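Structure first, then comments.
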Amino acid sequence: MIFDPKITAALLRKETGLRPALGMVLGSGFQQAITHLEVAREFAYGQLPGFPTVGVTGHAGKLVVGTFDNVPVLVLKGRTHYYEGVEMERLTFPVRVLAELGIRTLLLTNAAGAVNRLYRSGDFMALTDHINFMGANPLRGPALPGLPRFVDLTRVYDRRMLKVAQMAAKKSKLRLHTGVYLAVSGPNYETPAEIRAFRRLGADAIGMSTVPEAIVARQCGLAVAGISCITNKAGGDEKAGVLVHQDVLAMGESKKDEMARFLKAFAVHHANLGK
Ligand code: HPA
C-alpha cells in the first residue's frame, strides 16, 4: 500500500474531537441526504493523504464529521468509482482509514438499476448479499500485516444492521425491499441481454460501486449495511427511452427527504443498539 491509513487517521483524530462508531458512504443520489446532520468539521478529500479524488457529477468528495440528534457520525460524501480508472486499492483506502479511526459499522449507499421485475423506480433495497461482477478485487496485492488474506464473505451484510435499516425505513416511510446487488465495472449501462442474464444469476439490483468497499470493510472487521435507491429499470426500458446519468441523479434528488430521514433514523437506531 502506497499510503498508510494510520497516518490519515491520526490527522483526522487530531482535527476533530468526535469519535463516531458509525460511518456512511453517500453514493449517487444520496449526496443531498445529510440535511439533518449537524456538521462539526468538513475535509475535502484533497486534504486527506491517500484519499482518491472524485470525478463524477453528483459526487462531492468531502469527509464530514457531525451529529444526528447527538449521535456522532462520519460521512464520506462522494466516492470514487472503478470506471474512473482508479485502482481498487486506492478507491477503498478511505474505508481503511475509517477502520483505523475506530468506526465499527459502515452504511454504504448507492443508486442502482432494478433487475428484479417487482421493483419500481423510487423504491429502496437493503442489500442481503452481493455478486462481484467487476472483474477486479480490492484485496489483490501483497498480504496486509494483521489482516486476513482470505476473507470470509458468508455474511457480508450484517443481519443486525439489516434490522436497523428496516426499522429506519419504517420510520422514514420508504419502501424497502431486501435483495442481492450485482456490481459491474461500468461505466456503460447494461444491455437488455445482460440484464436477463444477471436476473438468472440471482441479482435484484445492479450498480457500479459498493462491493469493493464492502469487501475491504469485512477484511477490517466492520459490520456492513448497504442500501440502494432504485433509480431506474436496468437494461433500458424501450418505452421510457435511453438511460442517462442525469435521470439517475434526478430520481435521487426527488427522494432526498426520505433518504435524509432514513440516514438520521439509521444513526439513532444504531446508537440505541449499544444501550
Ligand atoms: N446499471 C448500473 N448502474 C446503475 C444503474 C443501472 O441501471 N442505475 C444506477 N446505477
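Counting starts at 1 for both ligands and their atoms, in listed order. For clarity, every value in this text was computed on a predicted model and none was experimentally measured.
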Working for salt bridge (Lys or Arg N to Asp or Glu O under 4.0 Å), residues Arg90 and Glu87: CA-CA 5 Å; Arg90 190 81 195 274; Glu87 290 305 319; over 6 Å; no
Main-chain N/O of Leu26 paired with Gln31 side-chain donor or acceptor, under 3.5 Å: yes
Atoms of ligand 1 close to Gly113 [distance to a heavy atom under 4.0 angstrom, numbered from 1]: 5 (C), 6 (C), 7 (O), 8 (N), 9 (C)
Minimum-distance protein heavy atom relative to atom 10 (N) of ligand 1: Ala111 O, 3.4 Å
Residue and atom name of the nearest protein heavy atom (relative to atom 7 (O) of ligand 1), distance in Å to one decimal: Asn232 ND2, 2.8 Å
Any donor-acceptor N or O pair under 3.5 Å, side chains Asn110, Ser228: yes
Ligand-side contact atoms (ligand 1) for residue partner Thr231, heavy atom cut-off under 4.0 Å: 8 (N), 9 (C)
Atom 3 (N) of ligand 1 - nearest protein heavy atom and its distance: Gly207 CA, 3.4 Å
From CA spacing to verdict: side chain to side chain contact (heavy atoms under 4.5 Å, CB included), Asn232, Met251: CA-CA 8 Å; Asn232 58 281; Met251 176 53 78; over 6 Å; no
Heavy-atom nearest neighbour in the protein, as seen from atom 2 (C) of ligand 1, with distance rounded to 0.1 Å: Glu190 OE2, 3.3 Å
Under 4.0 Å to a heavy atom of Met208 - the qualifying atoms of ligand 1, by number: 2 (C), 3 (N)
Test of ring centre spacing under 6.0 Å for Phe133 and Phe198: yes
Parallel, tilted or perpendicular: ring planes of Tyr83 versus His81, cut at 30 and 60 degrees: parallel
Distance from atom 4 (C) of ligand 1 to nearest protein heavy atom, with residue and atom: Ile206 O, 3.7 Å
